[in-house]
Amino acid sequence: METHTHTDGHVHTHDHPNAKAVSNRLAKAIGHLEKVKQMVDQGEDCAQVLIQLTAVRSALNNAGKIILSDHLNHCVIEAAQKGDYQKIEEFNEAVRQFIK
């Protein structure tokens, strides 16, 4: 469980049950991206590089979906119960940015 203080001074506790899974997915995506960089540096086939980049992007999107779901199911519900409409708007903005 992570606790941090927002710029407006209130303390918020994060309890994300899938944090370890997200961290593992991100570590795999980082390793995969490093391999894609090596492919580029070694002049490998562009089509294969693009295919591998698609796999990295998919891994990142899947990690983001888990984070969004956890945030909605924990932080946003808590914010709604407390009437914290700023937190709900911050979530809406995060979703808009994520789906661009």
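Shown here are the salt bridge (charged side-chain N to carboxylate O under 4.0 Å, His left out) partners of Glu89, two or more places apart in sequence or in another chain: Arg96.
Of the inter-residue distances, the one linking Lys87 atom NZ with Asn92 atom CG reads 12.0 Å to the nearest 0.5 angstrom. Between the CZ atom of Arg57 and the NE2 atom of His32 there is a distance of 12.5 Å, given to the nearest 0.5 Å. Here the straight-line distance linking atom NZ of Lys82 with atom CD1 of Ile77 works out to 13.0 Å at 0.5 Å rounding. Put simply, CD1 on Ile66 and CG on Asn61 are 11.5 Å apart, with the number rounded to the nearest 0.5 Å. Distance check: Ile99 CD1 to Leu68 CG gives 9.5 Å after rounding to the nearest 0.5 Å. Remark: Met39 CE to Leu50 CG distance equals 9.0 Å, nearest 0.5 Å.
For the pair Gln48 and Ile51, the minimum side-chain heavy-atom distance is below 4.5 Å.
Across Leu26 and Ala63, no two heavy atoms sit closer than the pair CD2-CB, 3.9 Å. Contact between Lys65 and Phe98 at its shortest, heavy atoms only, is N-CZ, 3.8 Å.
In terms of hydrophobic clustering, with Ile, Leu, Val, Met, Phe, Trp and Tyr side chains grouped at heavy-atom distances under 4.5 Å, Val22 and Ile30 are assigned to different clusters. Both Val95 and Leu72 are part of a single hydrophobic cluster, where members link through side-chain heavy atoms under 4.5 Å apart.
For residues 26-42, the salt bridge (charged side-chain N to carboxylate O under 4.0 Å, His left out) pairs, not counting sequence neighbours, are Lys37-Asp41.
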